**Student:** 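Before we start, here is the structure in question, set down as structure tokens.
Because the structure is a prediction, the values reported are computed rather than measured.
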Amino acid sequence: MVRIIPMASSIRPSLSSFRFSGGVSTSRFGLSLSPLRLPSHLHFSHLTSTVPQTHFFGLKASKLLKTAGTRVGMPPVGNVVHASTATAQETALEWVKKDKRRMLHVVYRVGDLDRTIKFYTECLGMKLLRKRDIPEERYTNAFLGYGPEDSHFVIELTYNYGVDKYEIGTAFGHFGIAVEDVAKAVELIKAKGGKVTREPGPVKGGSTVIAFIEEPNGYKFELIERGPTPEPLCQVMLCVGDLDRSITFYEKAFGMELLRTRDNPEYKYTIAMMGYGPEDKNAVLELTYNYGVTEYDKGNGYAQIAIGTDDVYKTAEGIKLFGGKIMREPGPLPGINTKITACLDPDGWKTVFVDNIDFLKELE
């Protein structure tokens with residue numbers, strides 16, 4: 001039985017001590033990929049917000065339908081609803097552009113936590129930022145990265161007692177790390193017994209020097225040769241079935257910027273880099289479309305990304321307006337004041353948005 005439950009505080013409840021979506025366990029701030037049997041007190045119904053849904057960016061269609069039939073001189077109902085939706089989307093776009101968003105961390109499961117921490121710290125140069133064991137719930141979390149969580153994109157590892165292996169699937173691609181000398185980094189990894197799956201050399205169809213290595217659980221890391229950067233943990237690559245659809249969704253619903261695209265017909269794939277700032281200073285999403293492939297196996301290893309926001313209610317409303325699916329309505333988690341909302345993109349990738357102020361309080 002696989003369970004993924006993120007960290008809980010010994011002083012007060014934390015986001016990690018809850019699981020959502022009847023039968024699906026979660027990681028910190030989010031949802032997992034594998035259906036599981038959960039205790040009844042942790043089912044999704046107990047995590048729904050007690051705050052009524054607020055429509056920040058426009059009127060409900062049902063209200064428009066009601067009023068359109070009672071006013072003299074009103075245009076056809078369909079036109080009224082369409083116009084209202086367009087106005088709401090425009091208002092949502094304006095707000096999203098002003099929202100202070102940042103990729104906070106990426107969550108995934110590992111089968112041997114100590115071995116993984118040793119590899120990440122000794123071979124990849126990361127720091128163990130914090131670790132927390134919750135024996136009563138049979139899980140342990142570890143946060144690793146290249147700087148403090150309040151200013152850097154970090155990794156959250158989850159180890160569930162007794163589970164030593166996960167299926168990574170074909171949909172998850174890799175994580176990216178920027179290094180100043182790829183060849184030197186590969187030599188170190190080899191000396192430590194690491195597995196190199198692609199030797200240093202120019203990327204296919206380009207000139208940037210890269211290499212690929214595989215960590216103990218089978219997750220791949222791309223080493224990217226780049227000058228000094230404030231955000232060495234710089235990429236998360238996910239496969240998508242319709243690149244144009246994904247670009248539009250992440251631009252409008254998530255407020256990300258399309259930084260660049262690259263088509264490689266020789267190898268039959270196209271990538272799009274999306275994020276909240278330039279690649280050399282921020283962590284970004286690398287969305288990959290492989291020609292003709294519309295569906296993938298997501299496995300049960302990778303979980304989700306967490307993103308900070310100033311308002312989870314407006315964020316959820318905007319995601320709905322642009323075609324996203326809300327998996328957890330916005331609101332505070334029971335027992336604590338941290339406000340979150342969780343959603344799926346068009347390809348089923350999970351993302352959790354976390355209130356910025358509440359996130360900083362959680363770190364304290």
**Student:** For the residue pair N217 and T116, establish whether any side-chain heavy-atom pair is separated by less than 4.5 Å.
**Tutor:** yes

**Student:** Is any NZ, NE, NH1 or NH2 atom of the basic residue among K190 and E199 found under 4.0 Å from an Asp or Glu carboxylate oxygen of the other?
**Tutor:** yes

**Student:** With a 4.5 Å cut-off on side-chain heavy atoms, are S246 and D347 touching?
**Tutor:** yes

**Student:** Evaluate side-chain hydrogen bond (donor to acceptor under 3.5 Å, both in side chains) for D133 paired with Y139, printing each intermediate quantity in order.
**Tutor:** CA-CA 6 Å; D133 183 46; Y139 74 89; over 6 Å; no

**Student:** So how far is it from E225 CD to S207 OG, rounded to the nearest 0.5 Å?
**Tutor:** 10.5 Å

**Student:** Hydrophobic cluster membership, with links at side-chain heavy-atom distances under 4.5 Å among I/L/V/M/F/W/Y: are V293 and Y267 in one?
**Tutor:** no

**Student:** Assigning hydrophobic clusters by single linkage (Ile, Leu, Val, Met, Phe, Trp, Tyr; side-chain heavy-atom cutoff under 4.5 Å), is I117 placed with V106?
**Tutor:** yes

**Student:** Counting C-beta onward and ignoring hydrogens, is there a side-chain heavy-atom pair between I224 and V203 closer than 4.5 Å?
**Tutor:** no

**Student:** Counting C-beta onward and ignoring hydrogens, is there a side-chain heavy-atom pair between E279 and R260 closer than 4.5 Å?
**Tutor:** yes

**Student:** Tell me if the CG atom of L128 is crowded by more than 12 foreign heavy atoms within 6.0 Å.
**Tutor:** yes

**Student:** Run through Y108, F212, F221 and flag the one making a ring-ring contact (aromatic ring centres under 6.0 Å, His included) with H174.
**Tutor:** F212

**Student:** Indicate, with yes or no, if M273 and M103 share a hydrophobic cluster defined by side-chain heavy-atom contacts under 4.5 Å among Ile, Leu, Val, Met, Phe, Trp and Tyr.
**Tutor:** no

**Student:** Using 30° and 60° as the class boundaries, would you call the ring planes of F254 and F249 parallel, tilted or perpendicular?
**Tutor:** tilted

**Student:** Please round to the nearest 0.5 Å and tell me the distance separating atom CG of D355 and atom NZ of K339.
**Tutor:** 4.5 Å

**Student:** Is the shortest distance from a Lys or Arg side-chain nitrogen in D114 or K131 to a carboxylate oxygen in the other one below 4.0 Å?
**Tutor:** yes

**Student:** Answer whether the closest heavy-atom distance between the side chains of D242 and V240 falls below 4.5 Å.
**Tutor:** no

**Student:** According to side-chain contact (heavy atoms from CB on, under 4.5 Å), who are the partners of E167, at least two apart in sequence or on a separate chain?
**Tutor:** K165, N300

**Student:** Less than 4.5 Å apart, side chain to side chain, heavy atoms only: is that true for M256 and L285?
**Tutor:** yes

**Student:** Regarding R101 and the six-membered ring of Y276, is the cationic atom NZ or CZ under 6.0 Å from the ring centre and inside 45° of its axis?
**Tutor:** no

**Student:** If you define the side chain from C-beta out and look only at heavy atoms, does anything of I307 sit under 4.5 Å from T351?
**Tutor:** yes

**Student:** Does D297 have more than 12 heavy atoms from other residues, nucleotides or ligands lying within 6.0 Å of its CG?
**Tutor:** yes

**Student:** Are the side chains of Y296 and F172 in contact, using a 4.5 Å heavy-atom criterion?
**Tutor:** no

**Student:** Can a salt bridge be assigned to the pair E329 and K320 using a cut-off of 4.0 Å between side-chain N and carboxylate O?
**Tutor:** yes

**Student:** If you measure from the Lys or Arg side-chain nitrogens to the Asp or Glu carboxylate oxygens, is any gap between E266 and K204 under 4.0 Å?
**Tutor:** no

**Student:** Shortest non-hydrogen contact from V154 to G147?
**Tutor:** CG1-O, 3.9 Å

**Student:** Going only through I, L, V, M, F, W and Y residues with side-chain contacts under 4.5 Å, is there a path from V284 to W349?
**Tutor:** no

**Student:** Please report the shortest heavy-atom distance between I340 and R328, naming the atom on each side.
**Tutor:** O-NH1, 3.7 Å

